[in-house]
Number of protein chains: 4
Amino acid sequence: MNGNRFGRLFQVTTYGESHGEAMGVTVSGCPAGLELDEDDIQAELDRRKPGQSMITTSRGEPDAVKINSGTQDGYTTGTPIGMVIENKDAQSGKYEPYVTAPRPSHGDFTYSAKFGTRNWGGGGRSSARETVNWVAAGAIAKQINEAHGIEVKAHVNQIGDVKAGDVTWEDMLEHTEDNEIRCADPEAAEEMRDLADKYQQEGDSIGGSIYFEARGVPRGLGSPRFDSFPSRLGQAMFSVPACTHVEFGLGKEAREWTGSDRNEDWAFDDNGDPVPKGNKHGGLQGGITTGQPIWGEATWHAPTSIPKKQETVDWETGESKEIQVVGRHDPVLPPRGVPVVEAMLNLLIVDFMLLSGQINPDRLDGDVGEYDTDYHPRSPGNMD
Amino acid sequence: MNGNRFGRLFQVTTYGESHGEAMGVTVSGCPAGLELDEDDIQAELDRRKPGQSMITTSRGEPDAVKINSGTQDGYTTGTPIGMVIENKDAQSGKYEPYVTAPRPSHGDFTYSAKFGTRNWGGGGRSSARETVNWVAAGAIAKQINEAHGIEVKAHVNQIGDVKAGDVTWEDMLEHTEDNEIRCADPEAAEEMRDLADKYQQEGDSIGGSIYFEARGVPRGLGSPRFDSFPSRLGQAMFSVPACTHVEFGLGKEAREWTGSDRNEDWAFDDNGDPVPKGNKHGGLQGGITTGQPIWGEATWHAPTSIPKKQETVDWETGESKEIQVVGRHDPVLPPRGVPVVEAMLNLLIVDFMLLSGQINPDRLDGDVGEYDTDYHPRSPGNMD
Amino acid sequence: MNGNRFGRLFQVTTYGESHGEAMGVTVSGCPAGLELDEDDIQAELDRRKPGQSMITTSRGEPDAVKINSGTQDGYTTGTPIGMVIENKDAQSGKYEPYVTAPRPSHGDFTYSAKFGTRNWGGGGRSSARETVNWVAAGAIAKQINEAHGIEVKAHVNQIGDVKAGDVTWEDMLEHTEDNEIRCADPEAAEEMRDLADKYQQEGDSIGGSIYFEARGVPRGLGSPRFDSFPSRLGQAMFSVPACTHVEFGLGKEAREWTGSDRNEDWAFDDNGDPVPKGNKHGGLQGGITTGQPIWGEATWHAPTSIPKKQETVDWETGESKEIQVVGRHDPVLPPRGVPVVEAMLNLLIVDFMLLSGQINPDRLDGDVGEYDTDYHPRSPGNMD
Amino acid sequence: MNGNRFGRLFQVTTYGESHGEAMGVTVSGCPAGLELDEDDIQAELDRRKPGQSMITTSRGEPDAVKINSGTQDGYTTGTPIGMVIENKDAQSGKYEPYVTAPRPSHGDFTYSAKFGTRNWGGGGRSSARETVNWVAAGAIAKQINEAHGIEVKAHVNQIGDVKAGDVTWEDMLEHTEDNEIRCADPEAAEEMRDLADKYQQEGDSIGGSIYFEARGVPRGLGSPRFDSFPSRLGQAMFSVPACTHVEFGLGKEAREWTGSDRNEDWAFDDNGDPVPKGNKHGGLQGGITTGQPIWGEATWHAPTSIPKKQETVDWETGESKEIQVVGRHDPVLPPRGVPVVEAMLNLLIVDFMLLSGQINPDRLDGDVGEYDTDYHPRSPGNMD
């Protein structure tokens, strides 16, 4: 089984199970000349990691990243960047009851049926721990994107039946990281917090959703039809464990809009270029970016690991079995999913930037058609 | 720009613009030994084609497919299958006003900005005409799947604010093709028909959605995480022009469900294998198929080509311009989208069947590990 | 079975068997803005086609190419280019004796064993007729390369035991196409001609080789290690039917050279850039181009279709069988292989040009980092 | 720049530079159920590693491999296998003189020109140290192949002008590993040893070649034309640093053979299947395996790091410079290349085994079409 690779030019290849030795990710196709060290990656990993609050799992993982290759004197060299994040706090014992008795709504049985075996500690390869690799790779993509004026932000816009009010882009930038829920509407954030606490105490869990937006993305990105921007967006979001829904622009509601209401007339922008007057299409037309903000949302179902009593069957004994999935589990996923969603967006955007000639695939300082590209002076890390 | 290829082992590569000479698709990786001729493909193409009713575009395309390679004596040989469908009824003149003045909410400008030019007849490469290629390829996939007990069916479950009632799988099989809307609920179908007519007469259009289901899909298909079944499903649906939303299982609603309500306990099925008691997860757990029905839906926005007056700008003259997109256009997309959605589902399922060793990639009659595979007798098309 | 696709950004996907309806090729990833029509392709196809002389097969194929998509007003639009070349002069009857009795050293049996069947007319998918697709695609690549100062030329440097003398690059450009053998040394060409005639009259065939060179290729192309320039060169040449050997630079002889003799000291070129003093490495160091001429050669074994009596077995009857492969066959392959080798070189070079940011993948007139790329004026084909 | 990935279903993705922190490789697509631990990998790595004799580099690398994922209780689980091999004995200081003054015939300048920078310790990414990753991955492939009756062996058949005599397959299995040269002809091995010593003492180096053979490979592997067995073989060998030539069967000599001499008549084997009487085609016809031994050879040029005085230029100072590349370098490459060549062969063969349905891609114990595949009993590592 493959399925551990994302991207065409900016390629991310991963490995690692929840209770294995370590998680690992290789980024190939990152152009040379990006200032990069472990702190840059660590900052993003720290946003994601467990053990940050009452509301998230109390598994204590330092998530310390080690960069094994791909840089010289603090700059990327264009060669593959290998990173490793060790698993320090895996407690497999708790998972023994489930080896032959799958936990309800987990991937335990589908993996076992597919392979005839599985890594049964934690969720094995199906665990959301895999996303630590994506956030590490996304940290690199984020730096390149930001250097090109591209910003990506996501926030939790709903948990259970509690919805955030309307927020602006500035609200998202300013308030999302202020609270554990990562909701840009402070009042809704508190309600959501209370709701999650309530479910956690009841030994239950609840679903939620994440709204995302990307600004400053150049016009013209996307390779319709099968690698259009929406196609890649869909692939990316549905790759995140527990995602059940993805939409952009009017999304699911678009079914109820007429063409006359949805269509956007054209006008000229300040540069004298055509631009749609509105943006109900979420910054995407014909599968290609318009240069306007790209916006949408996705849904995560309730975490499946809940302490309530549930029933399973043990294929070894042939009998039913009552279980309680105790342990250290989140009652809700989106708060920790925000950095993951941002990472995936950054990854696909930077890949399209390379695919569209917005960035030279080999080197950040490279122009197209410059036959005699400069090569490095005394200090290899100095691109000047 | 690539983006014209779908699939890893069962690969579909396409070309063609709305008003170009012809559409073409190459299927590589189809195993040998499938009985196949142009009639098999034509049947599916006829379901899709324009000019079928008042409610769909009146462009008269016979959509006659020609198979150029990949078969011998009526059976596939395992070599690439090349197909061509000519464009017979393209009327480009109508599109002249839009060469430098993009139609609202079309891909006219994003394509022009991306490439510096575009095929301006019809929607060029962004046109839904491309889907004729997918239906042709999907016809092949469908035959292989059906030979393995897999069935795929879709129907229109909503247009505007008119929703179909609950329908069973049998309803879908029996009633979907009875009406132009392709809704399996006959009453709702009539309402939807009236609604579409109304919008058409008003010179407007309306959005809608398609519900899809696949049965008989073996357990164990999907390559988490980046090529999981949902990832591929998302890529596939968002590749279809005008799709704005995709979900499976509880989908967007899952955000409001608790874990205790959503989780499915395990039981034994008749074979003594674990099976979830319910199927709120849409037949997918951990990104892999459970063997249960796979179900979900997707949304298509209203067609953007409407005769109502709209405003655009002409980048050549630098001025605003009022336009009316006359011509032969659908007021609603999902009815014609049903065969396209089914085709994409069949394509991704057959690809996963090959990837999971359910089918020998080279030959339908081949087992795994059979070193001395039989080769053909006197008649090459006879696999016996 | 896949294997019909070549290239990562400039992608070529093919289909077609020797005696099928038609050959077809899809080029995706060709940037927009290239002036292109069928004559450009036809010129290259005419160089390759059968029926050109006594010494090549007398199968009469016009090899007329039809471009089905990907251009507008004589310029590429960046969308996939679909081309079809019909098979007009297939005479399958002659191949009936071999349906269950494979011809010596052909792919008849390996294909039959692999798939359980095969296209038995001519060589089916194993036929060198497939190369007509590569030459068609290569014609497009050639134009782009030449516009960037890159030239590719090959010539036949040996047939049997007759070797061409030393020739210069100018000799190759001037004399190769003057004779049927396509040898740039006119005297050797005559000897080779006589040798090939002799074998043909004896009902036999003979092997030969092609020397190739590429000039003007920028420094820095290649993606070591698995997609280095040599890796791709090896893949390309060994894809050509009947190729048994590939080398570049000192090639096979390098085993006998010392480091001190082979190593090239560095000097400064006119631009003040380091350049190796000599070029025994064939323009490639570390798997990447140096900017110097890239040179090497490859070998083609003798055509396997010879009228001499040979022995086979019929798996249907279970008996030995004497056969004579009559028909219209070349006594030697390299003369017709020269345009094929050039095409493959052009294809891989243009792909690396896109991969290295030497050319914007979407549009020939595009620079990197130009956010507001120009879009087309009144005439879509006019890139000015 | 990508180029760090090999394989379609059995995929190998690598990273690491000569003087970086560590080398790393991810194997995805390895079916579940293979007994695997670090000792299995270590055995192959120990064959390859430096510091083994006078004749090879004296860099002291333990090459200790750590498996980070992909196994459970000693068996593969079908999930990606991540491995890391740390670099312990890198001495970068010696390489300072070359930061802006490239060593003759190394990849120093091509890398610098391509990226504008490079990892200048050792050969950076161009170093043969990368091959430790391939040998680690190849160890896994080898186990699967051997479990299916496939054996791969290579030996050094020439160094300088010293050629091995004819050796049998048994000679190769028995004698190759007996001497440092890894030549299966003991007498020639001594001569080669003396020759290499001589050059080393002279501060020089010499080229050589490796003959390889694979037996027990099933008929029918290969995906012509672009992913045929020879195409992949060419890609694989030319990916190995310093390889300048590849051939199979009659190879370069085939140019001098007639068709009547080269062609092989058909006969029936013991199973009543057609088999060629001889094997001048190296076990490959039409790009597909015949089931016969696959044999060929490849050439490695002399190592470029030699202590003799050489001349370079320093692009920083603008001046010529005399250098002496001292350090710990091999005088000849093929002896250490033998495990690398075997690894690459094993990797491509196992990939084709998966692609051709010879092995179920998900699980070694899986058959095709077995819908209800068994899943694991109490001990996940026990496939019974």
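Per chain, numbering begins at 1; letters A, B, ... match sequence-line order.
- Among the candidates B:P361, B:G70, B:G3, B:G121, the residue making the largest number of heavy-atom pairs closer than 4.5 Å to chain C is B:G70.
- Sorted by first then second residue, the salt bridge (charged side-chain N to carboxylate O under 4.0 Å, His left out) pairs that include residues 98-107 of chain B, not counting sequence neighbours, are B:R103-B:D108.
- Only the side chain of C:N4 has a heavy atom closer than 4.5 Å to any heavy atom of chain B.
- Inspection of the C:E21 and B:N68 side chains reveals no N or O donor paired with an N or O acceptor under 3.5 Å.
- Contact check for B:S126 versus B:H106: no side-chain heavy atoms found under the 4.5 Å cut-off.
- A heavy-atom distance below 4.5 Å is found between the side chains of C:M23 and C:E130.
- Looking at heavy atoms from C-beta onward, B:Y15 lies out of side-chain contact with C:I81 at the 4.5 angstrom threshold.
- B:Y111 and B:F115 have tilted rings, their planes meeting at an angle from 30° to 60° on a 0 to 90° scale.
- Each of B:D314, B:V27, B:T79 has some count of heavy-atom pairs under 4.5 Å with chain C, and the biggest count is that of B:T79.
- Most heavy-atom pairs under 4.5 Å with chain B: of the set C:L9, C:I67, C:T317, this distinction falls to C:L9.
- At a 4.5 Å heavy-atom cutoff, C:L354 makes no contact with chain B through either its backbone or its side chain.
- Contact annotation for C:T14: only backbone heavy atoms (N, CA, C, O) come within less than 4.5 Å of a heavy atom of chain B.
- When heavy atoms are compared at a cutoff of 4.5 Å, B:T71 approaches chain C solely by way of its backbone atoms N, CA, C and O.
- By the side-chain hydrogen bond (donor to acceptor under 3.5 Å, both in side chains) test, C:S239 is found to be paired with D:S231, residues two or more places apart in sequence or in another chain being considered.
- Note on B:P31, B:S28, B:C30: by heavy-atom pairs under 4.5 Å with chain C, the leading option is B:S28.
- Using a 3.5 Å distance cut-off with no hydrogens or angles, the side chains of B:R118 and C:T77 do not pair a donor with an acceptor.
- If you measure heavy-atom distances from C:R5 to chain B, the contacts under 4.5 Å come from the side chain alone.
- Only the side chain of C:V84 has a heavy atom closer than 4.5 Å to any heavy atom of chain B.
- Options C:G78, C:G20, C:G124 differ in how many heavy-atom pairs under 4.5 Å they form with chain B, and the most are formed by C:G78.
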